[in-house]
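For reference, the structure is listed below as structure tokens.
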Amino acid sequence: MAIIQDRKKCERARKARDARFDGVFFIAVKTTNIYCRPICPAGPPLEKNVEYHDSAISAASAGYRPCLRCRPDSAPLSSAWRGTQTSFHRGLELIHQGALQTGSIQDLAERLGISDRYLRELFEKNLGTSPKKYAIYQQCLFAKQLLHESALSITQVAYSAGFNSVRRFNEAMQQQLSLSPRQIRKSDKIVAGKLKLKLYYRPPYAWQHCLDFLQHRVIAGLEWSDTMSYSRTIRHADAKGYFTLQNNAKHNHLELMVHLDDYTSLNPVTQRIRAIFDVDAPVAEIDTQLARQLAGQIDYLPGLRIPGIWDSFEAGVRAILGQQVSVRQAISLVTKFVEELGDEIHVDGLGVKKLFPAPETVVEYSLDFFRMPQSRKDTIRRLAEHYLSDENPDDIDRWIDIKGIGPWTINYVKIRASKDPDVWLAGDAGINNAIKKLSAEPNIEQTKPWRSYLTFQLWNQL
DNA sequence: ACGACAGACTT
DNA sequence: AAGTACATGAAG
């Protein structure tokens, strides 16, 4: 599963340093025990000395260390397993969210509704390692990024990456990357100041679309934006903070500035932002398939990413407040909601902003300040209660039992919070309008498994 | 389902 | 000489 057998394509791609294959496979060099990206500027090794891997972790667990020039650990994520294997995929997602930082494998398996045995098996089959090893590997990669790009001390890096002792951090780094933290940092000169990180993507990235979409829906107090950047407040576990994001098209990355009051959440928060801004979307694949289906029918936007919402609760509330009203009215309702119930947070240079209200707060207070049908207020309260009583409120399919929440809302939340790539928003008024303008009805089935992207391409026509 | 053991983790 | 920063062995 881990080593690629079809060498021909890989050989051609690496000799041409073809950027389209960046993140798709990795070159492990047996003579040096180093692994590289297809685009590595170093002179190409002899074909007989290389081994091709389909993921960075596969090369790492085979004993190779990441190249210091092309930094294979910062390559965009491979997407071979996207869309398939929901338990496995959700497991990966939860690990990125820090599930194994505090909880055990058993806890994770339980949340997924499978046995811990089976969870191990899924990881072994798909990645060739155990869930815990993957989590540590992932933490090491993040630590490496911090060592390269931030001015944090090595001790701070250890805790920010989710380790609970420096001792263990050093050991894990040596084991996973065959480099000590010091060795990694030595190669870089870092500028002190605010914490800035680079999120690499495979171009193109339709950043302007993303920015426009978010700007049209900005909730004052919670979010703010200018011509280049988007910012908002966030909460993750016990940590509160805010971030700003802008594009660096020239170097194929988004620039992220984060502030948190508890940096043990930095890794999960960063991963969440990656997911929300769809940094790892395999756009080349999506674009060829969708463009073929929609040939000449619409003004197709290449590199479109689906802008997400911070978490499913916020997505749910926004969707409910948007029922039966215009986008503009929905925004003013959400703004009122945040203003009334959101906790305050101080943002450097901008004064006081608001956090999105937590379910606990919503349950506690009445929603009398809202001028809208009582039934919709009740729905919001029921959603909040669901978050407090349900073991796994992020399982959006279960929301169907909540009175006042229908299939449209569920699908909408799946697209924008769960980042499900294959949701078709059937019955949406905007989608119906967009379809009416087409010369021929598109074959929705043919756009699997990227129907969420079809939805957004069509919305973009309005 | 259970115990032995390995190795992950903290101090 | 004392303090800081990092790496690592020993023990539980």
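So you know, we letter chains A, B, ... as the sequences are listed, proteins then strands, and number each from 1.
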* To do: Sort out for me which residue in A:Arg318, A:Lys354, A:Lys353 forms a salt bridge (charged side-chain N to carboxylate O under 4.0 Å, His left out) with A:Glu223.
  => A:Arg318
* **Reference residue A:Asn267; test side-chain hydrogen bond (donor to acceptor under 3.5 Å, both in side chains); the match among A:Gln97, A:Gln138, A:Gln101** => A:Gln138
* To the nearest angstrom, how far is A:Arg120 atom CZ from B:dA6 atom C1'? -> 12 Å
* To do: Grab the CZ-P distance between A:Arg117 and B:dC2 for me, whole Å please.
  => 14 Å
* To do: Rounded off to whole Å, could you give me the CD-to-C1' distance for the A:Gln183 and C:dC6 pair?
  => 12 Å
* Asked: Is the backbone N or O of A:Ser153 less than 3.5 Å from a side-chain atom of A:Gln156, with the two atoms forming a donor-acceptor pair by type?
  -> yes
* Structure fact -> Testing C:dA7, B:dA8, B:dT10 for proximity to the side chain of A:Gln175, the answer is B:dA8
* Asked: For C:dG12, which nucleotide is its Watson-Crick or G-U wobble mate, given both distances must be under 3.5 Å?
  -> B:dC9
* **Atom-pair distance (CD on A:Gln106; P on B:dA8), nearest Å** => 15 Å
* Ring center gap for A:His96 and A:Tyr134 short of 6.0 angstrom -> yes
* To do: Using atom CE of A:Met173 as one end and atom C1' of B:dA8 as the other, report the distance to the nearest whole Å.
  => 17 Å
* Which whole-number value in Å describes the distance from A:Arg167 CZ to B:dG7 C1'? -> 13 Å
* Asked: Contact class for A:Ser165 (heavy atom, under 4.0 Å): base, sugar-phosphate, or nothing?
  -> base
* Is there a side-chain polar atom (N or O) of A:Asn170 under 4.0 Å from OP1 or OP2 of C:dT8? -> no
* Asked: Rounded to whole angstrom units, what separation is found between the CD atom of A:Glu171 and the P atom of B:dT10?
  -> 10 Å
* Within the structure, does a side-chain N or O atom of A:Lys132 lie under 4.0 Å from either OP1 or OP2 of B:dC9? -> yes
* Candidates C:dC6, B:dC9, B:dT10 - which lies nearest the side chain of A:Ile136 -> B:dC9
* To do: Under 4.0 Å between any heavy atoms, over every strand shown, what does A:Arg168 touch: base, sugar-phosphate, or nothing? Just pick one.
  => base
* Asked: Nearest-Å distance, CZ (A:Arg182) to C1' (C:dA5)?
  -> 7 Å
* Asked: If we ignore angles and hydrogens, is there a donor and acceptor under 3.5 Å between the side chains of A:Gln174 and A:Ser180?
  -> no
